[in-house]
**Q** 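Handing you a structure now.
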Amino acid sequence: MLTVSDLLTRAGSFQLGPLDLTVRAGSVLVVLGPSGAGKSVLLDTIAGFRTPRRGRVRLDGEDITGRPADLRGIGVVFQDAALFPHLSVRDNVGFAPALRGQRRSPEIDELLARFGIAHLARRAPRSLSGGERQRVALARALAARPAALLLDEPLSALDQPVREELREVLRATLRDLAVPAIHVTHDRDEALRLADDLAILDAGTLRQTGPADELTRHPTDAVTARLLGWAALGPAREDTDCVHVGDLPIDPTVLGNGAVLGNGATRGTVYYRPEEVRIGGRDRLSYHALRARAQVVEVVRTVPLARVLLGTTPPLTALVLHRDLDDLDDLDDLSGEVEVTVPGHALRIIEAGTPPPPA
Ligand SMILES: Nc1ncnc2c1ncn2[C@@H]1O[C@H](COP(=O)(O)OP(=O)(O)OP(=O)(O)O)[C@@H](O)[C@H]1O
C-alpha cells in the first residue's frame with residue numbers, strides 16, 4: 001500500500017496540497033485533472049525527484065520520504081519513454097532482471113508477450129514507433145518488480161486506436177500483477193477505464209477522492225462533476241413542492257442527494273448528465289425527475305455521439321447515439337416540439353461554495 005499524508009510541495013509559485021492519498025495494494029488510483037493541476041508535481045514528489053515542504057510518503061508502512069528516488073522501489077513511466085538507446089528491446093526489458101542476476105528470467109518473455117512486443121525483441125529503440133516504445137517502457141518498468149508504479153500520462157502521445165488498445169493491456173496487466181499504481185491523466189475516458197479509485201486534482205487541490213464508480217454517480221463538488229461529464233444546468237430555486245431551475249421543474253425527492261437539499265442547499269447548482277437526457281418521449285414507463293417539452297435548436301452530428309441542443313430555459317444538451325437519433329423522425333423538423341425527460345439519477349444538486357469552473 002502506498003500512502004501520502006499531509007503532503008505539501010512547491011514548484012515556483014505553484015503549491016500542491018496539503019493532501020492525503022491512499023493507493024490500496026493491487027489497485028489503480030487515477031489522478032484526473034486539467035493541464036497545470038499539479039499531476040506531474042505530485043508524481044515527482046512521490047517518486048523522490050522533488051522534496052516536499054511537508055508531509056510523508058509511505059510504502060507498505062515504511063516511511064520513504066527522505067529516501068533517494070533510485071532506492072524507493074517505485075517504477076515511473078512518463079509520456080515519452082526514455083529507453084536505453086544502445087540496448088535492444090529485450091535488453092531494455094531485461095535490464096532490471098539482469099541486475100538481479102536473472103538474465104534469462106521467463107518473466108522477460110512473459111512481459112514481451114503481454115505487451116505484444118516479442119517480435120520486436122532484437123530491435124533498437126530508435127527503430128520503434130511511439131506506441132511500441134511505450135509498450136517497451138511499461139514492460140521494462142514492470143520487469144523491475146516495483147513495489148508501486150507511477151504512470152505520468154504514458155498513453156497521451158499515442159493516437160486513438162493505439163491508445164485504446166494499450167490502455168486495455170495496461171489495465172489487465174496491472175490487475176494481474178497486482179501492482180499498486182497511480183496513473184495521472186487529463187482524459188476522462190482513460191481515467192474511467194483504468195481506475196479503481198479516483199482523485200480529482202485542480203489547481204494543486206484535491207477536490208474529491210473515492211471509488212471511481214461512486215465519484216461518477218455522486219459528485220459532490222463542481223470541478224469533479226464537470227471533469228466526470230456532468231453539465232451545469234443552473235442555480236436551483238426551491239418552490240413549495242419542487243425545485244426550479246429557470247423554467248424547468250424538478251422533483252426534489254429524486255435529485256440524488258436529497259439529504260443535502262434538506263440543508264437548504266437549494267442555493268446550489270443543479271448538474272445533469274447530457275448522455276442521460278432522453279428526447280422523443282420514449283421510456284414512458286420509467287420515472288423521470290425532469291420533464292418538459294422543447295424545440296430542438298441544433299443537432300451536431302459529432303462522433304460517436306450526436307449533440308442535440310434543446311430550447312428549454314435554461315437550455316439542455318442531450319448526447320444521443322446516432323442510431324437513436326435516426327429513430328426520431330421529429331428531429332428532422334426543427335420547428336416541432338419533442339418531449340424531454342431526465343431520470344433522477346442523472347440530476348445532482350451541488351452546494352454553493354464550489355462554483356462551476358469556466359466551460
Ligand atoms: N520547476 C518549476 N518552476 C516553476 N513552476 C513549476 C515548475 N514545475 C511545475 N511548475 C508549475 O506547477 C504547475 C503544475 O505543473 P504540473 O506539470 O504538475 O501540471 P500537470 O497537471 O502535470 O499538467 P499537464 O497535464 O499539462 O502535464 C504548473 O503551473 C507549472 O507551471
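Read the numbers this way: they start at 1 and go in the same order the structure lists the ligands and their atoms. We number each residue from 1, following the sequence as shown.
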**Q** Check this for me: does any side-chain nitrogen of one of Lys39 and Asp152 sit under 4.0 Å from a carboxylate oxygen of the other?
**A**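 No, this pair does not count.
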**Q** Name the closest protein heavy atom to atom 11 (C) of ligand 1, giving the residue it belongs to and the distance to 0.1 Å.
**A**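 Here the nearest protein heavy atom works out to Phe14 CB, 4.0 Å.
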**Q** Using a strict threshold of under 4.0 Å (side-chain N to carboxylate O), is an ion pair present between Arg24 and Asp197?
**A**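 Salt bridge flag = yes for Arg24 with Asp197.
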**Q** Return the residue, atom name and 0.1 Å-rounded distance of the protein heavy atom closest to atom 3 (N) of ligand 1.
**A**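 I find the closest protein heavy atom is Gly12 N, 3.9 Å.
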**Q** State whether the shortest distance between N or O atoms of Ser35 and N or O atoms of ligand 1 falls below 3.5 angstrom.
**A**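 There is such a contact, yes.
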**Q** Starting from atom 15 (O) of ligand 1, find the nearest protein heavy-atom neighbour and note its residue, name and distance.
**A**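 Checking every protein heavy atom, the shortest distance to atom 15 (O) of ligand 1 gives Val41 CG2, 4.0 Å.
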**Q** Taking all heavy atoms of Pro18 and all of Leu8, pick out the closest pair and write down the distance.
**A**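 Pro18 and Leu8 have their closest heavy atoms at CD-CD1, 3.9 Å.
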**Q** Under 4.0 Å, heavy-atom basis, I'd like to know which part of Gln79 is in contact with ligand 1: side chain, backbone, both or neither.
**A**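 None of Gln79 does.
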**Q** Examine distances only and state if a side-chain atom of Ser27 and a backbone atom of Val23 form a donor-acceptor pair shorter than 3.5 Å.
**A**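 Looks like no, no N/O pair under 3.5 Å.
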**Q** Any N or O on Ser13 sitting closer than 3.5 Å to an N or O of ligand 1?
**A**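 The answer is no, given that Ser13 and ligand 1 share no N or O pair closer than 3.5 Å.
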**Q** Using a strict cut-off of 4.0 Å, indicate which atoms of ligand 1 neighbour a heavy atom of Glu153.
**A**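 With Glu153 as reference, the close atoms of ligand 1 come out as 25 (O).
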**Q** Mark the output for Gly36 as yes if a heavy-atom distance to ligand 1 is under 4.0 Å, and as no if none is.
**A**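 Yes, Gly36 has a heavy atom closer than 4.0 Å to ligand 1.
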**Q** Can you find a protein heavy atom under 4.0 Å from atom 7 (C) of ligand 1?
**A**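 Under 4.0 Å from atom 7 (C) of ligand 1, at least one protein heavy atom found.
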**Q** Provide, to 0.1 Å, the distance between atom 25 (O) of ligand 1 and the closest protein heavy atom, together with that atom's residue and name.
**A**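 For this ligand atom, the closest protein heavy atom is Lys39 NZ, 2.8 Å.
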**Q** Determine, counting only non-hydrogen atoms of the protein, whether one lies under 4.0 angstrom from atom 31 (O) of ligand 1.
**A**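 Looking at atom 31 (O) of ligand 1, one finds that no protein heavy atom lies closer than 4.0 Å.
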**Q** Any heavy atom of Arg50 sitting closer than 4.0 Å to ligand 1?
**A**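 Contact present.
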**Q** Identify the heavy atoms of Ser156 and Arg163 that sit nearest to each other, and give their distance.
**A**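 Looking at all heavy atoms of both residues, the shortest contact is O-NH1, 3.8 Å.
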**Q** Got the closest protein heavy atom to atom 17 (O) of ligand 1, with its distance?
**A**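 Heavy-atom neighbour on the protein nearest atom 17 (O) of ligand 1: Ser40 CB, 3.6 Å.
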**Q** Is there a side-chain contact between Arg135 and Leu166 (heavy atoms, below 4.5 Å)?
**A**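 Yes; the side chains approach each other to less than 4.5 Å.
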**Q** Considering Ala11, Gly38, Pro34, which one's heavy-atom position lies nearest to atom 16 (P) of ligand 1?
**A**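 Answer by nearest heavy atom: Gly38.
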**Q** Less than 4.5 Å apart, any side-chain heavy atom of Glu132 and any of Leu120?
**A**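 Yes, close enough: below the 4.5 Å cut-off.
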**Q** If I take atom CG from residue Leu316 and atom CG from residue Leu248, how far apart are they, to the nearest 0.5 angstrom?
**A**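 Spacing of CG (Leu316) from CG (Leu248) equals 5.5 Å.
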**Q** Could you check whether Arg90 makes a cation-pi contact with Phe95, meaning its NZ or CZ is under 6.0 Å from the centre of the six-membered ring and within 45° of the ring axis?
**A**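 That pair does not qualify as a cation-pi contact.
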